[in-house]
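For reference, the structure discussed in these notes is given below.
Side chains included, hydrogens not; waters and symmetry mates left out as well; all remaining heavy atoms used. Numbered from 1 within each chain, the chains take letters A, B, ... in sequence-line order.
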Protein chains: 2
Amino acid sequence: MKVFIVFAHPDRRSFNGSLLKETIGQFEADGHEVRVTDLYGQKWKAQIDEDDFPITHKKGERLHIGSASGEAFVNKELTKDVMEEIEKLLWADLVIFQFPMWWFGMPAILKGWVERVLVCHFGYGVGEFTPTHYGDRFGEGTLEGKKAMLIVTAGGRKDHYSSRGILGPIDHLLFPINHGVFFCTGMTPLPAFVTYGTDSATEEVFESYANELKCLLKNIGSIKPINYRKQNSGDYDIPSLILREGLERPGETGYDIHLIKD
Amino acid sequence: MKVFIVFAHPDRRSFNGSLLKETIGQFEADGHEVRVTDLYGQKWKAQIDEDDFPITHKKGERLHIGSASGEAFVNKELTKDVMEEIEKLLWADLVIFQFPMWWFGMPAILKGWVERVLVCHFGYGVGEFTPTHYGDRFGEGTLEGKKAMLIVTAGGRKDHYSSRGILGPIDHLLFPINHGVFFCTGMTPLPAFVTYGTDSATEEVFESYANELKCLLKNIGSIKPINYRKQNSGDYDIPSLILREGLERPGETGYDIHLIKD
């Protein structure tokens, strides 16, 4: 399998960076190919702006990111760093985002990777947009068929992220990435691997998490994906994209209604 | 009132930028003082890294962002750009984040503002952390007493962000900011102002939204805040920070249980 890891921690010697080493080691031991984008290591440009479209956008003119990026993608005129990331995404069978949870989401540098790489006509604006078909997305799209997974280190306690914890359920905090980035672009998200209390973790805690992760990765082929409903499966009214009545469990609301339950 | 707006759109001529102009105009007409941080305009450094702690962190050594930023904050040794933002936050009575919704959240450049400005002992790590008190946060903290509000422009349709819409309810998508950033640091969040279908909006649509926003801002003093439960109010067990049983409405789950209902 071809594994592409987008890594967003500023220090490889951290708990998170040490987990990356274990991840790469396990995948390679199992005969998989691994490529890593180390965003901090390569000083990734974090913000999307007019410099991303040097040919399709005239500097100083009003910037429409959708059209400028879509045209640049189609004409292969995106910047070299972005083109390389697109090539890695197309190469991969499995895409991993590995990052520390900061302020309830991805680090800015990774958010900027999403904004700069998943451009119009590649990450969104794919397929036809008509009154009966609202694009190829959420289960369809350019990256269809690829698996995706989050590896996240959280400083807080596990119970703080539990279903009744003050920070909100971890699955809900990660929904905008699993559903909004991975599934939206056609990828099949696997359940996230999350470590807690990372800031104060001892060597023993690290070893325990590392072993759990390696065991998981060894069996990556058999992990059951997060079973989100596909946009164009008939479950949603089009073009309102509102879930049809009666598909969710009684009383279920919020993000959870977009999951197919067994 | 002193209003501090953090603005995160790359083009002031955009729909979003035009709304900013209306916002400033309305506040000033009503006699309020307004200060704006234009993140793109001032080429804000989007990612947090070791360069943020030039004195408290020795370049090349292992980076612990919590301790490096906390020490730099206490010693007033953060970089000048960050110190200026902290000063503006302390000055303000009302803090506004204004941004386009990209990939279900803030633009990277604004996420990086949060990471770099809301440092340890200022934005988090405030108060005592003991087995019976888990910090001053979620309703308490350095920024207690200040109001906060999101002004967001979304490209998608309003029904796509509705309670059963495929993108998820807008209030849930904004929870990590309203609850996780504003309320967590002690601020009192007001309901967000959101525009939809922004990419394809006509002049008439803009005028209609602008009028709605100006009317809202004119009456900003009387807007009812989002009534989140305070961490240290007794509603949560400490230190698990799990909501005590029976406080939510029957069947209610997820983010919604952290709201006090009338």
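Of all residues in residues 62-71 of chain B, those placing a non-hydrogen atom less than 4.5 angstrom from a non-hydrogen atom of chain A are B:R62, B:L63, B:I65. Taking non-hydrogen atoms and a 4.5 Å limit, the residue list of residues 230-241 of chain A in contact with chain B, ordered by number, reads A:Q231, A:Y236, A:P239, A:S240, A:L241. Using a 4.5 Å heavy-atom cut-off against chain B, the contacting residues of residues 114-122 of chain A are A:V114, A:E115, A:L118. Residues of residues 167-176 of chain B having a heavy atom under 4.5 Å from any heavy atom of chain A, listed by number: B:L167, B:G168, B:P169, B:H172, B:L173, B:F175, B:P176.
If you take CD on B:Q47 and NZ on A:K43, they are separated by 8.5 Å, rounding to the nearest 0.5 Å. In this structure, OG1 in A:T253 is found 7.5 Å from CD in B:E252, a value given to the nearest 0.5 Å. Atom CG of A:L243 and atom CD1 of B:I166 lie 8.5 Å apart (nearest 0.5 Å).
Contacts between A:R137 and chain B at a heavy-atom distance below 4.5 Å involve the side chain alone, from C-beta outward. Residue B:R12: no heavy atom, backbone or side chain, is found under 4.5 Å from chain A. With a threshold of 4.5 angstrom between heavy atoms, A:I48 approaches chain B through its backbone and through its side chain. Looking at A:P107, both its backbone and its side chain come within 4.5 Å of chain B, counting heavy atoms on both sides. Heavy atoms of B:S14 lying under 4.5 Å from chain A belong to its backbone as well as its side chain.
Here the shortest heavy-atom pairing between A:G180 and B:F104 reads O-CE1, 3.1 Å. Between B:G123 and A:W103, the shortest heavy-atom contact is O-CH2, 3.7 Å. Nearest heavy-atom pair, A:R244 versus B:R164, reported as atom, atom and distance to 0.1 Å: O-NH2, 2.9 Å. Across every non-hydrogen atom of A:S163 and B:I257, the tightest pair is O-CD1, 3.9 Å.
Chain A forms the most heavy-atom pairs under 4.5 Å with one residue out of B:R229, B:K45, B:E50, B:E61, and that residue is B:E61. Taking A:G254, A:P250, A:G165 one by one and counting their heavy-atom pairs under 4.5 Å with chain B, the maximum is reached by A:G165. Here B:A108 is the residue among B:P100, B:G112, B:A108 with the most heavy-atom pairs under 4.5 Å with chain A.
A distance below 6.0 Å separates the ring centres of A:H160 and B:Y134.
At least one donor-acceptor pair closer than 3.5 Å links the side chain of B:K111 to the backbone N or O of A:M106.
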